[in-house]
Amino acid sequence: MGMAKRFIEMDSSDCLRTKAAKAALDQVLSVLTPSSVIGIGTGATVEIFIQLLKQSGAEFSHCVSSSERSSQALQQAGLSELPISSCERVDVYVDGIDEGLSSGETIKGGGAALAREKVLATMAMSFITIADSGRLKLALGAFPLPIEVLPAAELAVTRALQSLGGTPVKRENCVTDNGNIILDCSGLDLSEPLVLETALNSIPGVVENGIFARRKADYMAFADDGGVHWLARN
Ligand code: 5RP
């Protein structure tokens, strides 16, 4: 599906993350009801979104967080949260990305929260991404692909990734919220993101990988010095 494009003029003194987060907030507020459940991704951009959401005073049911880090930020902001384990519905999910295509496929996991992020994005009625425009790419793969792996399967998965042409590197000092490790893998062929997403998840020991192709973004905000490019999947 193609993306319709619109350009939003904004104050050039705003930082790029704030611009993108503001654009996402506007979209969220336009659909929010008192019973809405808001899914919260992970990362610096999302933390700005959390602040803006709090400042907006918007009425909604509660948030569901993709990480311990975001849960802490929600708690500090005084926003109500229910655990992901009891989450039955997500109306709108907002998250940062590491790379994205205008057709909606993204790579995530720079913050090691990709597994829960994918659960929430997949549950969500609407998935909004927020990033600076440098993350909008013509092809995925400049960023090594984060893959969450059972610690016991580190060597087995490393071999399997190498046999696919990849070069996995274990992320240092990183244990995910699920108690697993992250292998950052460069050299994989990302020309067909959905094919690779499926293939990687069929390797025993892989918990999840950072390709979001099965669940594409519905709306993408990319901020640059001039404003926010807003892409909407139709
Ligand atoms: C966490 C992610 C982040 O959303 C992604 O890395 C972008 O983070 P930031 O907003 O800090 O640049 O995928 O797993």
Side-chain angles (χ1 to χ4, degrees), residues 14-25 28 38-53 63-74 76-77 84 90 92-101 104-124 127-137 140-149 169-186 190 193 197 200-201 206-224 228:
D14 280 353
C15 84
L16 302 183
R17 284 187 163 120
T18 304
K19 287 181 184 183
K22 275 183 178 158
L25 181 67
V28 170
I38 304 177
I40 300 289
T42 298
T45 322
V46 163
E47 282 163 14
I48 292 171
F49 175 81
I50 290 171
Q51 295 303 324
L52 296 174
L53 179 62
C63 295
V64 184
S65 159
S66 60
S67 63
E68 304 297 333
R69 174 179 166 177
S70 290
S71 292
Q72 235 173 35
L74 287 169
Q76 279 165 9
I84 187 170
V90 178
V92 57
Y93 178 67
V94 178
D95 204 350
I97 59 169
D98 298 305
E99 293 184 344
L101 301 177
E105 295 90 344
T106 62
I107 288 186
K108 296 184 36 54
L114 58 131
R116 296 186 194 185
E117 288 172 344
K118 200 178 282 189
V119 170
L120 291 181
T122 302
M123 288 181 82
F127 174 21
I128 303 172
T129 67
I130 46 180
D132 67 76
S133 61
R135 298 187 187 195
L136 174 59
K137 307 285 186 190
L140 299 175
F143 185 93
L145 178 67
I147 303 171
E148 181 163 348
V149 174
V169 174
K170 184 179 178 181
R171 196 176 295 183
E172 280 183 27
N173 303 318
C174 177
V175 178
T176 71
D177 289 347
N178 312 307
N180 298 313
I181 60 169
I182 297 285
L183 298 179
D184 290 304
C185 192
S186 52
L190 277 131
E197 179 181 8
L200 292 176
N201 281 358
V206 168
V207 174
E208 191 49 85
N209 71 82
I211 302 173
F212 284 54
R214 186 171 305 283
R215 184 32 166 141
K216 297 184 203 179
D218 298 308
Y219 300 95
M220 309 177 91
F222 289 105
D224 63 21
V228 174

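Note that the coordinates shown come from a computational prediction; the quantities given were computed from them, not determined experimentally. Order of listing sets the numbers, starting from 1, for every ligand and every atom in it. Residues take their numbers from the sequence shown, with the count starting at 1.
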Shortest non-hydrogen contact from Thr42 toward Ser70
CA-OG, 3.5 Å
Filter on salt bridge (charged side-chain N to carboxylate O under 4.0 Å, His left out), then keep only pairs touching residues 173-183, sequence neighbours left out; what's left?
none
Asp218 side chain near Ile128 side chain, heavy-atom distance below 4.5 Å
no
Tell me, which residues have any heavy atom less than 4.0 Å from some atom of ligand 1?
Arg17, Thr42, Gly43, Ala44, Thr45, Asp95, Gly96, Ile97, Asp98, Lys108, Gly109, Gly110, Gly111, Ala112, Ala113, Glu117, Arg135
Phe212: which residues meet the ring pair (Phe, Tyr, Trp, His ring centres under 6.0 Å) condition with it, sequence neighbours left out?
none
Does Glu105 have any salt bridge (charged side-chain N to carboxylate O under 4.0 Å, His left out) partners at least two apart in sequence or in another chain, and if so, which?
Lys216
Does the side chain of Asp98 reach to within under 4.5 Å of the side chain of Arg135, using non-hydrogen atoms?
yes
